[in-house]
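Here the structure comes first, spelled out in structure tokens, and everything after it is commentary.
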Amino acid sequence: MFESLASHGNNKNMHRNHSGNPGSNVTQRRWNGRYHGSTLSNASIHDFVILEYRNTIGGRVWSTDFGQDKTGKPYVIELGANWRSYTVSEQVEQANKHRLKNTPDNFSSVLTYDETGYSDYQDLLDAISDVKDVAYRNAGQMLLDNIQDHNARTGFALAGWNPQRSDMKAQAVEWWNWASPEASSFIFGVAAENLTFNQFGEDNHMVVDPRGYSTIIEREASTFLHKEVQDRRLRLNTQVTDIKYSNKGVKITNSDGSCVSAAYAVCTFSLGVLQNDVVQFDPALPKWKQTAIQKFTMGTYTKIFLQFDETFWPPDSQFFLYASPTTRGYYPVFQSLSKDGFMPGSNILFVTVVEEQAYRVERQSDEETKGEILAVLREMFPDKRIPEPTAFVYPRWNNEPWAYGSYSNWPVGTTLEMHQNLRANVDRLWFAGEATSASYFGFLHGAWFEGREAGEQIAAMLQDRCSTTHGIETCGDRTHYDVLHGTTPGDAYTIINGWPVNSTNL
């Protein structure tokens with residue numbers, strides 16, 4: 001979503017209406033857009049506009065009706081964000097405030113399988129758990145000592161986990177702990193997880209609220225948007241096509257030809273939207289910004305839901321880990337929602353795929369994907385009758401023009417300065433969202449914190465003052481770096497370091 005806030009006088013918002021004095025205008029695309037608005041309202045800035053691509057707010061916090069219970073009423077499942085860290089204080093406060101139904105996952109409740117059926121390789125789960133503790137300590141020390149980054153595959157190998165590619169049970173266990181180790185920064189991947197689960201607590205609660213996870217967003221939005229009628233400051237079904245920005249303001253053009261002008265705008269497009277060039281910027285974003293956008297990666301995490309007419313899997317277990325004999329990450333983890341505390345008696349399973357396997361299932365039909373999953377389940381439970389599911393659904397994240405993926409990822413060798421260029425503003429155009437959170441990228445609370453901070457900083461500028469972020473006074477634009485140099489000086493490219501050729505004089 002793109003949220004725009006408009007401001008007259010002392011009011012602030014990301015986009016401004018066509019009439020009136022240039023105010024503050026913020027545009028945003030996800031939950032943090034909502035939080036921008038809340039922050040602005042708290043600062044007595046009410047002249048703003050929120051532009052949302054879809055017909056509802058929430059973005060990648062996306063639920064849908066699925067299947068039905070014994071009375072014929074559909075269940076509500078989360079296609080997107082599904083969990084919350086239990087002790088992220090503000091998430092807990094909002095969940096409790098709005099009575100969001102959620103249940104802690106029990107990751108020790110896992111049974112292991114291969115193509116022959118049940119196969120006990122719990123010892124591998126224990127082994128990688130021990131190695132993971134060592135690896136994570138190593139990553140933390142690397143951050144403290146400013147050691148060059150490497151990918152998570154290297155980090156785990158140096159800590160003692162280096163299974164053969166042909167050991168598919170070890171590959172399944174590794175996937176359970178880190179799905180794409182080659183694609184991820186070891187230092188910052190570990191940092192984001194440590195900051196979330198060590199700072200806030202280890203519990204991970206799954207949202208199973210029949211109103212949907214987005215009820216938090218909707219209820220919070222209702223605190224500053226008018227409840228009695230559709231607030232004109234929230235514009236649903238609005239597709240942004242062009243953004244013109246300068247040091248004087250921002251003008252946003254939508255697909256229907258309408259425009260919004262504002263003093264400031266906050267862009268919370270997903271990283272995938274920015275990378276796919278579906279919105280035209282005028283002038284073109286500077287090279288340092290474009291480089292940062294293309295440097296980071298947009299990952300895909302796809303949950304595939306199946307409802308059956310019976311629970312044929314062990315009813316007391318929550319997770320089922322499958323080791324494909326040929327392909328790492330091939331329908332590796334199933335989770336039961338039929339248990340008490342979740343959706344008891346629902347007979348619903350979902351299986352998760354990521355990255356290449358997610359892209360693959362997006363390209364094929366529902367029937368092809370369903371057939372593959374049923375074949376896997378028949379291998380896992382050879383003594384059971386595996387019926388056709390009564391309901392089946394999964395999202396195709398990379399086909400969604402408002403998302404183009406489901407979460408951002410920090411690739412190996414990418415520095416904090418490069419990430420700062422991703423989150424830095426360009427003139428009056430600001431950026432927020434989970435991707436711009438250095439500490440919590442890929443997490444929903446990263447979007448929450450980034451939305452709040454962007455709102456506070458813009459509010460301060462509209463009111464000719466500085467803001468205070470994490471106890472530090474912040475004034476004006478965010479820092480960016482026009483040029484980022486490597487770590488190797490030119491005079492090191494010599495035969496001593498295995499570089500016998502003068503690359504500038506060929």
Side-chain angles (χ1 to χ4, degrees), residues 131-132 134-162 165 174-175 177-196 270-272 274-276 285-301 328-329 354-356 359 404-424 431 433-443 446 450 478-494 496-499 503:
V131 169
K132 189 175 179 181
V134 175
Y136 279 31
R137 286 196 297 270
N138 291 346
Q141 196 61 50
M142 290 171 66
L143 180 62
L144 292 174
D145 294 342
N146 193 27
I147 302 299
Q148 285 189 24
D149 193 14
H150 45 240
N151 65 21
R153 167 72 66 207
T154 303
F156 271 78
L158 293 175
W161 177 266
N162 194 20
R165 297 285 183 168
E174 181 183 84
W175 190 101
N177 284 271
W178 200 309
S180 304
E182 287 91 352
S184 302
S185 162
F186 184 50
I187 289 177
F188 291 103
V190 170
E193 185 170 337
N194 276 345
L195 285 168
T196 289
S270 75
L271 179 64
L274 291 172
Q275 289 178 335
N276 277 273
L285 294 173
K287 185 176 181 180
W288 59 264
K289 189 70 175 183
Q290 294 186 46
T291 302
I293 289 170
Q294 298 300 333
K295 177 67 174 177
F296 289 85
T297 57
M298 193 68 178
T300 301
Y301 181 102
R328 184 184 187 278
V354 302
E355 303 308 326
E356 289 304 321
Y359 307 145
Y404 290 114
S406 53
Y407 70 99
S408 68
N409 188 46
W410 198 310
V412 63
T414 304
T415 63
L416 187 64
E417 292 88 351
M418 180 63 76
H419 184 269
Q420 177 60 17
N421 279 357
L422 181 64
R423 72 190 298 266
F431 294 82
E434 55 85 12
T436 67
S437 174
S439 304
Y440 312 113
F441 64 92
F443 287 97
E450 283 293 290
R478 286 177 171 170
T479 297
H480 76 268
Y481 303 89
D482 289 315
V483 179
L484 290 172
H485 295 282
T487 59
T488 304
D491 58 10
Y493 287 87
T494 66
I496 295 174
N497 288 324
W499 193 268
S503 58

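Residues passing the side-chain hydrogen bond (donor to acceptor under 3.5 Å, both in side chains) test with Thr300 are Asn398, sequence neighbours excluded.
For Arg165 and Glu182, the salt-bridge test passes: some basic side-chain N is under 4.0 Å from an acidic carboxylate O. A salt bridge links Glu174 to Arg153: at least one charged side-chain nitrogen sits closer than 4.0 Å to a carboxylate oxygen.
No hydrogens or angles considered: nothing links the side chains of Thr494 and Asn497 as a donor-acceptor pair under 3.5 Å.
Other residues, nucleotides and ligands place more than 12 heavy atoms under 6.0 Å from the OH atom of Tyr359. Around the CD1 atom of Ile496, the shell of radius 6.0 Å holds no more than 12 heavy atoms that belong to other residues, nucleotides or ligands.
The distance from the OG atom of Ser185 to the NE2 atom of His419 is 11.0 Å, given to the nearest 0.5 Å. Note: Gln275 CD to Met298 CE = 8.0 Å, rounded to the nearest 0.5 Å. Atom OG1 of residue Thr415 and atom CZ of residue Phe188 lie 7.0 Å apart, to the nearest 0.5 angstrom.
Under the 4.5 Å side-chain criterion, counting only non-hydrogen atoms from C-beta, Val412 is not in contact with Phe186. Between Leu422 and Phe431, the closest side-chain pair of non-hydrogen atoms is not below 4.5 Å. The side-chain heavy atoms of Thr414 and Phe296, taken from C-beta on, include a pair separated by under 4.5 Å. For the pair Lys289/His480, no side-chain contact is recorded, criterion being any heavy-atom separation below 4.5 Å from C-beta on. In this structure, Asn421 and Lys295 have side chains that are not in contact, with every pair of non-hydrogen atoms separated by 4.5 Å or more.
In this structure, Tyr407 and Tyr301 have perpendicular ring planes: the angle between them is above 60°, well past the 30° mark. Aromatic ring pairs are classed by plane angle as parallel below 30°, tilted from 30° to 60° and perpendicular above 60°; the pair Trp178 and Tyr136 is perpendicular.
For Phe156 and Trp161, the ring centers are positioned 6.0 Å apart or more.
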